[in-house]
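Order of the sequence lines fixes the chain letters, A, B, ..., with proteins taken first and strands second; residue numbering starts at 1 for each chain. All values below come from the heavy atoms of this structure, side chains included, with hydrogens, waters and symmetry mates left out.
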Amino acid sequence: MSAFQEITQAAREDERVEFSAEAKKKIEWIYTRYPNREAALLPVLRVAEKEFDGIGAAAIDCIAREMGLSPGYIYGVFTFYTHYKRAGEGKYVLQVCATLPCALRGCRDVVHHLEDKLGIKPGETTEDGKFTLKKVECLASCDTAPVVQINDDYHENLTLEDLDKLLESFE
Amino acid sequence: MSEAKLVKFKINGQEIEAPAGTMVIKAAHEAGIDVPHFCYHPGLTPDGNCRMCLVEASNARKPVASCVTPVAEGLEITTDSDTVKEAREGVLELMLLNHPLDCPICDKSGECMLQDNVYDHGPDNSRMTEPKMMKPTKDLGSTVALWGNRCIVCQRCTRFCEEVSGTGELAIIHRGDSSVVDVFPGYPLENDLSLNTVDICPVGALISKDFLYEARVWNMKDTPSICTGCSKGCNVEIQQERNQTRRIVPRHNPEVNDYWMCDEGREVFKPAVSEDRLLDYQLRTADGTIDTNPKNAASAIFNGLNQVSANHGTQAIAGIGSAFMSCEELYVFKLLFDGLQTPHLGAFSRPQREAKSFKQFEIPGDPNPNRLGVERILGREALEENLEKILSGIQNQSIRGALIFDDLLDWDLPAEWQSALSQLEFLAIFSLRDRTHLPQHSCLLPATTFGEKDGSMLNGEGRLQRLRIATQLPRTIRYEHEILQQMQQELGMRSKVVPPSALFKEMGKAVWPQLEISTIRELGDQGIQVESPTENPQRATVS
């Protein structure tokens, strides 16, 4: 083991996290529904996302130990998808759809409004850790454009006034 | 695969036969038909992601990736039609979208598959006007560095880490044009096979930190040889420039190392180019002066040993070879000491270590390249029993003179030997390092090492393989076998000094009489199995 490896592993051990018994039970159930561990990774990432409030290095390390996959493999899969919550993202993740139908129905105004209101650019998180703003691709709700997904909920046919009300409800 | 039935098909109108299940690209390459590719590697499972190997097949309307298309009876493949050419141009144009034009400062330049394929099949310009994507340049571990911009995401390295090393450090992260190979933060690329990923990287994305900016590949000359780092005897290509070895890369041998070798093996040439290498002869004469003329080496050792044997009898001299000597050297060594009429013949070897096992590669526990050769030529007892006898003989002063080979890599004489040797009346040491810390060395002689010898070695599986000369010896150094032969001449055992090829003939008859190998040339580039590997299981348990 090189010095490089020792240092990084020591750092990793400090921030080690573990799944709760409940999450482990859920993961066991997920395993029964997929042919192999690789296939079960996506739903397990969903579990980890809730469990650790966003997936970071420590969470990936924990999943790797739990599933017997290499951390590199999980990292590759995790970074491929944009819809998992990253560690360090705010309590409310605002995902503004920026694909064509939403763009035609004024998503740019939505983004600009949120930028002004929250003082952050897409991809950033407010200093109080409350909001993260993201511009994302199609949320598959074109008939109700413009759409913003906030955590697990869709907010459709948004006007700027609706948006203000929504933000206030999160205060 | 050997039982698979042969199917007949055509490539560019040429009739070809291949076992069912063979991929078209492999059959084409075996028939000498060029099919450009990136992600396909014969040692890895096909992936079909780069699309460079597109060909037209009679059973498909669109061009198909030949690395994932199995051959079929009556299939007609076209590799040179306009459609195929257009497809290749298109693929290459896309690959070049984000690839930097930094060939002049790229280590891979000259052996880069992208360079070659673009030169042969690529478009003559790019329609790209957008700025290129920028990706990180960083260390992936202690041996390999990443130039992310150059990565074409062929996934050869990630497949290597999954399938061959089984360690899985590397992954493609992000997606689309952002994707690049990387490691998970905190889990660097640290395995004993990591540098193979550099070899198989078709571009300059993964770079060996050791070789970085050391040489331009087109200036180097290749010599096929074998690695002398351990008993596996991986087949390698020694690459040298201006008589200095710069790099060792694995050479394909399905019987030994396949396409791979370990990282440690790539370092075996370091002692030869090391600054503290012993380059001068130091022959202590009767009047206490030091003679440095290599021509006098043989007579100095001979006279020294003769003096001891005249004073104390022939039993008072000992010879200790090493498991790093070639079979030819061992053979002359054995003859010489038989001629000197002493039974004290031993050989140093490096201690056993833990064998390492990877998914598709084994690093044996025996770190001696020619232990089996020593066993066959000097006798099995030379490595253990005889050494102990010689040591106690020196300690109780029944042995008073010795000739010793200290040409083992990364190894030092054990302390008990150092103190014992200093009691000898006469001592001659062939060494890689200056052993002035030994109080009394009557003769100190520079040893030859990796890449400088011609000859053969017997690996741990009983395969006799050829060592070749890649770099000429430093001008001051003579070959050990020459000096040993000159000593034989002094004994009247040999009329003239002959090259290792002639020694091989003599040795072949004497050591393996049942084999009909008459010349060293018959060993070829892949070696010959002279003993069944099942009779000689890896000697991991010897110690």
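More than 12 heavy atoms of other residues, nucleotides or ligands sit less than 6.0 Å from atom CZ of R65(A). Around the CD atom of E264(B), the shell of radius 6.0 Å holds no more than 12 heavy atoms that belong to other residues, nucleotides or ligands. In K121(A), the NZ atom is not crowded: 12 or fewer heavy atoms of neighbouring residues, nucleotides or ligands sit closer than 6.0 Å. Heavy-atom neighbours of R105(A) CZ from other residues, nucleotides or ligands within 6.0 Å: at or below the threshold of 12. By the neighbour-count criterion of 12 heavy atoms within 6.0 Å, atom NZ of K117(A) is densely surrounded, having more than that number from other residues, nucleotides or ligands.
Of the atoms belonging to S179(B), not a single heavy atom falls under 4.5 Å from chain A.
Every side-chain contact (heavy atoms from CB on, under 4.5 Å) that K135(A) has, sequence neighbours left out, goes to A98(A), V111(A), P122(A).
Residue I173(B) comes nearest to G76(A) through the heavy atom pair CG2-CA, 4.1 Å, listed as atom of the first residue, atom of the second, then distance. Considering every non-hydrogen atom in both G168(B) and S70(A), the closest pair reads O-OG, 2.7 Å.
With rounding to the nearest 0.5 angstrom, the CZ atom of F80(A) is 11.0 Å from the OG atom of S178(B). Within the model, atoms OH of Y75(A) and CD of E169(B) stand 15.0 Å from one another, a figure rounded to the nearest 0.5 Å. Once rounded to the nearest 0.5 Å, the distance linking CD1 of I74(A) with CZ of F184(B) reads 8.0 Å.
At a threshold of 4.5 Å between non-hydrogen side-chain atoms, the residues R175(B) and T82(A) count as touching.
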